[in-house]
Amino acid sequence: MKNENVFLWNGKINIPQEGEFIKLKSDRNMDVPDNPVIPFISGDGIGPEITPVMINVVNAAMEKAYGGAKKIYWVEALAGDKAEEKEMERMPQETLDLLKRSVVSIKGPLGTPVGKPGKSLNSILRQSMDFYSAIRPVYYLGQPTPIPDPERVDVTIFRENSDDVYMAIEYMAGSEGAKKVRNFFINEMGVKDASIPEDAGITIKPMSEFKTKRHVRKAFRYAINNNKKSIAVAGKGNIMKATEGAFLNWAFEVAKEDEFKDKISTEQSSPSGKIKLSKVITDQMLMQLVLNPNAYDVIITQNLNGDYISDLASALVGGPGFVPSGNIGDGYALFESTHGVGMDIAGKGIANPLSITLSGAMMLEYIGFNEAAKLVYDAVKRTIYQGNGTRDIYTGFEKLDKKAVELSTVEFGKHIIREI
Ligand code: NAI
């Protein structure tokens with residue numbers, strides 16, 4: 001990357017004088033300058049191949065939209081393998097500090113070494129700035145897909161990111177902890193022995209009103225600002241009444257708050273002009289997403305269900321390689337590719353750069369650079385509609401007997417830039 005607005009790590013984080021930091025105001029709204037500093041983490045595996053493509057595409061869109069009047073100053077922060085190579089922690093404190101100071105940032109995939117102790121880097125990042133909502137818009141761009149009429153898919157999934165079984169409060173079968181927890185439930189809570197066998201492992205699933213409601217409010221605001229027609233809250237409330245059932249009820253309580261009561265309806269037949277809110281059992285939703293994806297506009301759900309639902313929805317449009325994502329808290333935001341490090345294809349120049357590139361466009365929208373974001377979306381669509389793409393797109397088109405051109409990761413990026 002030789003762009004004059006990209007500032008690589010050079011023994012330390014290299015902050016340009018020309019760039020200004022985005023500021024978070026006391027109401028948690030952002031003050032975005034015309035020359036924001038945006039940190040990026042290239043990531044592991046295919047990360048260093050796809051991240052520069054995103055930066056080049058976003059730069060081209062910014063230049064076309066604003067002719068130099070607005071410009072991003074990209075600052076590299078290390079994490080993962082690259083940090084380890086420099087004999088730093090895999091998630092250095094200086095990286096966390098920069099991300100916090102900059103408010104908005106973007107990253108490629110980071111690997112979690114199997115069999116080594118330590119928390120996943122993604123978990124450290126998500127918890128460090130309390131990115132409590134993971135947002136994944138899933139839509140069709142013209143790529144090969146496993147379902148007919150994929151234009152029926154246009155859904156934004158809000159996955160709660162800070163609650164649920166992901167809190168890792170777990171007791172392995174046979175451990176002292178599992179024995180203690182089992183004894184407590186049997187002796188103090190009156191649970192029958194047979195419900196928790198002696199050889200059971202136990203995972204705790206906390207779900208809180210505060211965490212649910214702040215997540216739901218974020219999704220409601222998104223639905224209102226983007227003129228969505230319906231919102232479905234998913235969960236297995238019929239089985240897990242204290243957690244997922246409560247989540248569904250809390251969502252309905254939020255709909256009654258002053259901010260939302262005139263805009264969101266909880267009635268069966270929603271009055272015109274109001275967004276219809278409904279509860280859907282997760283398994284029903286997974287089935288309906290395949291059979292009738294246009295039934296869903298915005299989905300709000302918990303952490304674990306959100307994992308399943310977003311992967312299934314991504315598969316409908318060809319897989320996570322085509323889907324962007326943002327982790328968002330109160331103002332702070334970290335955008336990222338949804339796929340992993342793709343070790344099997346790393347270094348071959350064939351990785352699909354769309355997930356991180358579209359995450360870059362999502363980030364542009366988040367900071368209010370909507371004109372540039374639209375240029376990226378339109379250019380990506382035109383590039384794919386012409387049958388151009390990386391190997392995954394090319395082989396998908398071939399299977400459908402469609403004429404296609406195979407491009408390397410870099411060539412694909414250049415093609416998108418030519419379409420901007
Ligand atoms: P993976 O996404 O790396 O690979 C699954 C398959 O998809 C592979 O065949 C790979 O070649 C392919 N693939 C992935 N991205 C692609 C792209 N952009 N273009 C073309 N093909 C692509 O998932 P896996 O193997 O489950 O995870 C590998 C590592 O990635 C693990 O260490 C995991 O923790 C990490 N990971 C990181 C994530 C993040 O940083 N947000 C998300 C998911 C996994």
Side-chain angles (χ1 to χ4, degrees), residues 28 126 130-138 154-167 204-289 292-313 325-330 333:
R28 292 281 161 173
R126 285 171 197 161
D130 198 12
F131 297 122
Y132 55 79
S133 294
I135 304 175
R136 257 187 212 191
V138 184
D154 186 0
V155 57
T156 304
I157 299 156
F158 278 74
R159 169 188 175 190
E160 208 289 326
N161 231 358
S162 68
D163 227 347
D164 207 347
V165 288
Y166 284 75
M167 293 304 98
I204 306 287
K205 181 181 173 79
M207 207 154 276
S208 92
E209 180 175 350
F210 168 75
K211 288 182 174 182
T212 301
K213 286 188 169 174
R214 65 181 181 171
H215 171 65
V216 169
R217 287 187 193 106
K218 195 177 280 303
F220 282 2
R221 286 179 194 132
Y222 167 87
I224 293 166
N225 293 337
N226 291 280
N227 298 318
K228 299 290 179 182
K229 303 261 174 306
S230 67
I231 304 171
V233 197
K236 285 201 69 91
N238 49 335
I239 306 296
M240 290 165 278
K241 296 186 171 61
T243 50
E244 299 192 10
F247 184 102
L248 302 181
N249 293 336
W250 288 325
F252 270 61
E253 282 176 25
V254 174
K256 301 272 182 256
E257 292 176 359
D258 282 350
E259 182 182 349
F260 304 111
K261 65 176 194 270
D262 297 331
K263 297 180 184 117
I264 294 176
S265 164
T266 54
E267 307 298 319
Q268 279 287 8
S269 57
S270 158
S272 66
K274 282 197 180 185
I275 301 169
K276 185 172 164 23
L277 179 69
S278 57
K279 292 180 188 175
V280 185
I281 296 176
T282 316
D283 40 332
Q284 229 342 285
M285 174 174 282
L286 290 168
M287 187 175 73
Q288 283 303 330
L289 265 170
N292 190 20
N294 45 351
Y296 297 109
D297 220 0
V298 175
I299 293 173
I300 306 179
T301 192
Q302 309 84 35
N303 211 336
L304 183 60
N305 281 323
D307 204 4
Y308 302 148
I309 292 170
S310 52
D311 270 22
L312 181 125
S325 116
N327 298 290
I328 307 200
D330 285 328

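By convention here, the first residue in the shown sequence is residue 1. Below, each value reflects all heavy atoms present in this structure, side chains not excepted, and no hydrogens, waters or symmetry copies.
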Please list every donor-acceptor pair under 3.5 Å in which a side-chain atom of residues 298-305 meets a protein atom from a residue at least two apart or in another chain.
unit_1: Thr301; atom_1: OG1; unit_2: Ala234; atom_2: O; d: 3.1
unit_1: Gln302; atom_1: OE1; unit_2: Asn305; atom_2: ND2; d: 2.6
unit_1: Gln302; atom_1: NE2; unit_2: Ala234; atom_2: O; d: 2.8
unit_1: Asn303; atom_1: OD1; unit_2: Arg159; atom_2: NE; d: 3.0
unit_1: Asn303; atom_1: OD1; unit_2: Arg159; atom_2: NH2; d: 3.0
unit_1: Asn303; atom_1: ND2; unit_2: Asp163; atom_2: O; d: 3.2
unit_1: Asn305; atom_1: ND2; unit_2: Glu244; atom_2: OE1; d: 2.9
unit_1: Asn305; atom_1: ND2; unit_2: Glu244; atom_2: OE2; d: 3.4
unit_1: Asn305; atom_1: ND2; unit_2: Thr282; atom_2: OG1; d: 3.4

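The backbone N or O of Ile275 sits nowhere less than 3.5 Å from a side-chain atom of Lys228 that would complete a donor-acceptor pair. Lys218 places a side-chain N or O within 3.5 Å of a backbone atom of Gly329 that can act as its donor or acceptor partner. Within the 3.5 Å criterion, the main-chain N or O of Glu267 finds a donor-acceptor partner in the side chain of Ser265. For the pair Lys274 (side chain) and Lys261 (backbone), a donor-acceptor distance under 3.5 Å is present.
The pair Lys211-Asp130 does not meet the salt-bridge criterion, since no charged nitrogen lies less than 4.0 angstrom from a carboxylate oxygen. Using a cutoff of 4.0 Å between basic side-chain nitrogens and carboxylate oxygens, Glu253 and Lys213 are scored as salt-bridged. Between Arg217 and Glu257, at least one side-chain nitrogen of the basic residue sits less than 4.0 Å from a carboxylate oxygen of the acidic one, meeting the salt-bridge criterion.
Looking at every heavy atom in both residues, Ser230 comes nearest to Ala295 through OG-O, 4.1 Å. When every heavy atom of Ile328 is checked against every heavy atom of Ala333, the shortest pair comes out as CG1-CB, 4.1 Å. Taking every heavy atom of both residues into account, Ala232 and Val280 meet most closely at CB-CG2, 3.9 Å. In this structure, Asn327 and Phe131 approach most closely via the heavy-atom pair O-CD2, 3.3 Å. Shown here for Ile157 and Ser310, the closest heavy-atom pair between the two residues is CD1-CA, 3.6 Å.
Contact of the Tyr132 side chain with the Asp330 side chain is registered, since non-hydrogen atoms from C-beta on lie closer than 4.5 Å. Two residues are said to be in side-chain contact when any heavy atoms from C-beta on lie closer than 4.5 Å; Arg136 and Asp311 meet this criterion. Inter-residue side-chain proximity for Asp283 and Lys236 is flagged as met; some heavy-atom pair is nearer than 4.5 Å. Counting heavy atoms from C-beta on, the side chains of Ile204 and Met167 never come closer than 4.5 Å.
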Test side chain to side chain contact (heavy atoms under 4.5 Å, CB included) on Ile231 and Asp297; report intermediate values, then the result. CA-CA 6 Å; Ile231 304 171; Asp297 220 0; over 6 Å; no
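To the nearest 0.5 Å, the span separating CD1 on Ile309 from CG on Leu312 amounts to 8.5 Å. Atom NZ of residue Lys205 and atom OG1 of residue Thr243 lie 5.0 Å apart, to the nearest 0.5 angstrom. One finds the CD1 atom of Ile224 at 8.5 Å from the CZ atom of Arg221 (value rounded to the nearest 0.5 Å).
Residue pairs meeting the ring-ring contact (aromatic ring centres under 6.0 Å, His included) criterion with at least one partner in residues 205-248, sequence neighbours excluded, are Phe158-Tyr222, Phe220-Phe260.
When the shell of 6.0 Å around CZ of Phe252 is examined, it contains more than 12 heavy atoms from other residues, nucleotides or ligands.
Lys279 is linked by a side chain to side chain donor-acceptor pair (under 3.5 Å) to Asn249, counting only residues two or more places apart in sequence or in another chain.
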